[in-house]
Amino acid sequence: MAKELAKQYDPKNVEDRTYQFWLDKKYFHAQKAEGKKPYTIVIPPPNITGQLHMGHALDNTLQDILIRFRRMQGRDTLWLPGTDHASIATEAKIVEAMKAEGLTKEMLGREKFLERAWDWKAKYGGRIIEQLKKMGSSCDWDRERFTLDEGCSKAVNEVFVNLYNKDLIYRGERIINWCPNCLTSISDAEVEYEDQAGHFWHLRYKLKDSDEYLELATTRPETLLGDTAVAVNPNDERYSKFVGKKVILPIVGREIPVVADDYVDVEFGTGVVKITPAHDPNDFEVGLRHNLEVINVMTPDAKITDDYPKYAGMDRYEARKAIVKDLEAEGALVRIEDYSHNVGTCYRCGTTVEPRVSKQWFVKMKPLAIPAIEAVEKGETKFVPKRFEKVYFHWLENIRDWCISRQLWWGHRIPAWYCDDCGHITVSKESVCKCEKCGSEKVVQDPDTLDTWFSSALWPFSTLGWPEKTEDFENYYPTNTLVTGYDIIPFWVMRMMFSGIEHTGKVPFDTVLIHGLVRDALGRKMSKSLGNGIDPLEIIDKYGADALRFTLATGNSPGNDMRFSDDKVEASRNFANKIWNAARFILMNLSEDEPAPHIPENLAIEDKWILSVYEKLVRDVTDNLEKFELGMAVAKLYDFIWDVFCDWYIEIAKIRLQKDDESKDTAKAVLVYVFSGALKLLHPFMPFITEEIWQTLPHEGESIMISEFPVYDENLVFEAEEKEMDRIMTAIRAIRNRRAEMNVVASKKAKIFVETQFTETFEKAGVFMQKLASASEVEVGDKFDIPGAVSIITEDARMYIPLDELVDLKAEKARLEKELAATKKELDFVNNKLNNPNFVSKAPEAVVAKQRDAAAKLNDKIKMLEESIEKMN
RNA sequence: GGACGUUUAGCUCAGCUGGUAGAGCAUUCGCUUGACGUGCGAAGGGUCAGCGGUUCAAGUCCGUUAACGUCCACCA
């Protein structure tokens, strides 16, 4: 015996040690080499705020599978890792932590605050990285990046200035989404809409110099303070006479015009709309068209401004109550109706967003969106599955300018300086101390920072050294595959696409592999508030990283959500254990000086069979991986290793392993060859256990992870032997089935007589039947007459087992008759097809031939069954 | 209001380019078979959501309906 393994696989003994071994050997490090085609993935950088959740675990498992596969195929493989500074999320966390100390941002000041932020990054950014390592991720840690590091910041400035010079970035006063809690603007994509129960307040505004009123409804009466018009549809005859007149704004008493605008829907409500340009995006548009005044009535934290002393300082909901009360007192409130409407909330903190007019920086999107759409239309970048291209197109086709400035401190500061003297804006990559226009030194940098996604958008090239023409950039850009969840297409994928095209002239990746969400066992989204999140590290601790990876890679198709449950991981853990024990068995039979994996001479039928099935597995798994069908690949590996290799080949191999002749060496060699090949195929999915076992088995090279991925070889396919083994296995299954039905224990051996036209095959099968079908001995012949025996009939053979004392002849006959009827029915079905002239003439020849073959076999079986029944009479 | 997804065995899900349905778990029966009881052998269980169409042939393609889910959308 060469080496001995423990009875059960213990991941804890293996994982950390193996990972350290890989690190020490620098296998993860990408290195340009002659003749090696690069394969690159940049990691979706996790936020430094949180810790690894199941979504990350899935995302990174998929990436590691692809990376390890390509690395074994001999590609120069780069998986570039890193983290994201996550400006708004991180800043919120830090502010929250400061609150406990009684501190605010302002008390601390910008510089001190940023020191804290960097401390945070050092602490939590590192934690994420450690978690990725626990998963077995083979990232090139020497190239680890951070969105706020020097290189990425340089790229950000470069891009900002370029876009500004091309007029694709501008500063303007627009209505934007404002989060009154985070105290910053957010982009359209960062607003989440949800249905909320609310009310419709029907109000009436009195016409000036008249007794008439215009009735209208609003969901937000407090915004009335900022009303600067009332609008009706120009084609609405009911109101045409009022257009151009004035109404008196209740409470406030301001005179505001009645304007005509297409925006108003005649059918909806009364057909009259109050216009508050400062607090509603549509109203803002209407205001622009009619030159209306924009009156901001709220402070940044959504309280009424001092301009309205009666309500000043009240938050928007308090003010709403007070104003409704006053409206009622004034007789302006007609009625209140229940109403459910869509409310925008901040995707970070959930606070209701307040549309607000404010001066912000924007990226002009239309010119950038067009080439990004075209690139996908032309197939330069493909989505897997393809249906997500629709989501992508839909976003880009309806895109509005991107608000990129944030009133935050943690992030890339906007590289724009304002001149106190002439008001000119100097935009520059370098720090500015003089106005480029008037030369004044009284310049102040914009205090705001950029949207986190602005730097993420550059991630595929900023991390490779762009804008410098570095070797890495030349070598690894464009990258190959981007792996991410569908929820992040509008935030990230889309923005990387147009950024890559605009700044590098190339799409950033050729394939976007989209996966779904990991849900809990009940199908609910895992969330902090529900407390149903499952920590990947706990799962790894309990079942091992390989089991977790296997679970995440299996049993779901790309783009669909999956449910996660311990049951599934347990099944995966069992699979790992199965592999472990197969290895244990093989090792038991090996001697100290076993040769490296090779295909021996003098192959037996079972050797050719397993080699052939294995070879097809190589072909299929490779094909599946190339096509990103990871779930299918892993399912095939599972079936092969468990059901084919372990349950059949190993069992059959035992026959020769117990002998002491050269056939034993053949069996050992084939076991080692096929098993280590299967381990290689499985390695991308279960890296730890495959490495551990591979190291123990005879092998060449120093690690499975840099060994060559098996390549399909047609010469190792043995169709004839596969067919023979099929006949044998079918016969064995039929015998086992029959014995089980009769409750004959396996330990009770009995002779088997086989009548068959495949004499040679079944003569070879004798030893297999002894091992696997409880045969004491097997006799193959033309004709047997064994009275009182059980007969078992397959398409290829009739077998008799003399189990006299156990056989109930009457029942036996009934059983055979039942089987005959079933077989006849099957034959009818096939014959129906064959008798259909349309089928014979129109179906492909191969399909017809298959049916003819089936019919012939069924006829053989029927004949045998009938004979057997006849004999019993 | 649009768009997309899901609907297959008791449960969770596979099923690529159309050729009488598969896995894991669960259930039932049997097993100290010298790798593994985290195991071995065997069994039961499905009109592939409904309807219509294309086709020699449909879980698989087309249309439609329903239920559930997701995303998008300025109806105040």
- Cationic tip of A:K568 above A:Y543 ring, under 6.0 Å, 45° of axis: no
Interatomic distance at [atom1], [N] relative to [M], whole Å:
| N | M | atom1 | answer |
| --- | --- | --- | --- |
| B:rU6 | B:rG53 | P | 25 Å |
| B:rU47 | B:rU33 | C1' | 42 Å |
| B:rC16 | B:rU8 | P | 16 Å |
| B:rC48 | B:rC29 | C1' | 29 Å |
| B:rC61 | B:rC56 | C1' | 16 Å |
| B:rA49 | B:rC31 | P | 40 Å |
| B:rU54 | B:rU64 | C1' | 15 Å |
| B:rG2 | B:rA73 | C1' | 7 Å |

- Message: Let me spell it out: for each of A:R733 and A:G631, pick the nucleotide of RNA chain B with the closest heavy atom. Which residue's pick is nearer the 5' end?
- Response: A:G631
- Message: Can you work out whether A:P558 or A:V830 has the more 5'-proximal nearest nucleotide on RNA chain B?
- Response: A:P558
- Query: Does A:R563 place a side-chain N or O at less than 4.0 Å from the phosphate oxygens OP1/OP2 of B:rC13?
  - Reply: yes
- Task: Using a cut-off of strictly less than 4.0 Å, decide whether A:N560 has a side-chain nitrogen or oxygen near OP1 or OP2 of B:rC13.
- Result: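 Indeed not, no polar side-chain atom of A:N560 lies that close.
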- Item | Rounded distance [0.5 Å steps], CE in A:M686 versus CZ in A:R549 |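 It is 9.5 Å, given to the nearest 0.5 Å.
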- Note on the structure: CD of A:E337 to OG1 of A:T219, rounded to nearest 0.5 Å, is 11.5 Å
- Task: State whether the number of non-hydrogen atoms from other residues, nucleotides or ligands found under 6.0 Å of A:D660 atom CG is greater than 12.
- Result: no
- Check whether more than 12 heavy atoms from other residues, nucleotides or ligands sit under 6.0 Å from atom CZ of A:R524, and answer yes or no.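 For A:R524, atom CZ is crowded (more than 12 foreign heavy atoms under 6.0 Å).
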Any donor-acceptor N or O pair under 3.5 Å, side chains [X], [Y]:
| X | Y | result |
| --- | --- | --- |
| A:H199 | A:D338 | yes |
| A:K274 | A:T223 | yes |
| A:E826 | A:T823 | no |

At under 4.0 Å between heavy atoms, what does [X] touch on the DNA or RNA strands: base, sugar-phosphate, or nothing?
| X | value |
| --- | --- |
| A:S841 | nothing |
| A:P837 | nothing |
| A:G555 | sugar-phosphate |
| A:A571 | sugar-phosphate |
| A:M632 | sugar-phosphate |

- Task: Would you please classify the geometry between the A:Y392 ring and the A:F383 ring as parallel, tilted or perpendicular, with 30° and 60° separating the classes?
- Result: tilted
- Message: Over 60° means perpendicular and under 30° means parallel, so tell me whether A:H341 and A:Y339 are parallel, tilted or perpendicular.
- Response: tilted
Roughly how many Å is it from [atom1] in [X] to [atom2] in [N], rounded to a whole number?
| X | N | atom1 | atom2 | value |
| --- | --- | --- | --- | --- |
| A:N556 | B:rU6 | CG | P | 13 Å |
| A:M562 | B:rG24 | CE | C1' | 12 Å |
| A:E397 | B:rG2 | CD | P | 18 Å |
| A:K842 | B:rG19 | NZ | P | 19 Å |
| A:F550 | B:rG24 | CZ | P | 11 Å |
| A:L552 | B:rC13 | CG | C1' | 15 Å |
| A:K850 | B:rC56 | NZ | C1' | 16 Å |
| A:D520 | B:rC13 | CG | C1' | 16 Å |

- Message: Donor-acceptor pair, distance only, cut-off 3.5 Å: does the side chain of A:R220 make one with the backbone of A:R316?
- Response: no
- Only one of A:F685, A:F640, A:Y638 forms a ring-ring contact (aromatic ring centres under 6.0 Å, His included) with A:F575, so which one is it?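 Running ring-ring contact (aromatic ring centres under 6.0 Å, His included) over A:F685, A:F640, A:Y638 with A:F575 returns exactly one hit, A:Y638.
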- Query: Below 4.0 angstrom, N of the basic side chain to O of the carboxylate: do A:K627 and A:D623 qualify?
  - Reply: yes
- Message: Walk along nucleotides 67-76 of chain B from 5' to 3' and tag each nucleotide B, S or - by protein heavy-atom contact under 4.0 Å, base first, then sugar-phosphate.
- Response: -----SBBBB
- Task: Indicate for each nucleotide in nucleotides 27-40 of chain B, in 5' to 3' sequence, whether protein heavy atoms under 4.0 Å reach the base (B), only the sugar-phosphate (S), or nothing (-).
- Result: --S-S--BBBSBSS
- Message: Would A:D401 and A:R174 count as a salt bridge (Lys or Arg N to Asp or Glu O under 4.0 Å) here? Give the steps.
- Response: CA-CA 10 Å; A:D401 287 354; A:R174 295 289 137 90; 5.1 Å; no
- Query: What stems, by residue range, does RNA chain B take part in, given at least 3 consecutive Watson-Crick or G-U pairs under 3.5 Å?
  - Reply: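 Runs of three or more consecutive pairs: B:1-7 with B:66-72, B:10-13 with B:22-25, B:27-31 with B:39-43, B:49-53 with B:61-65.
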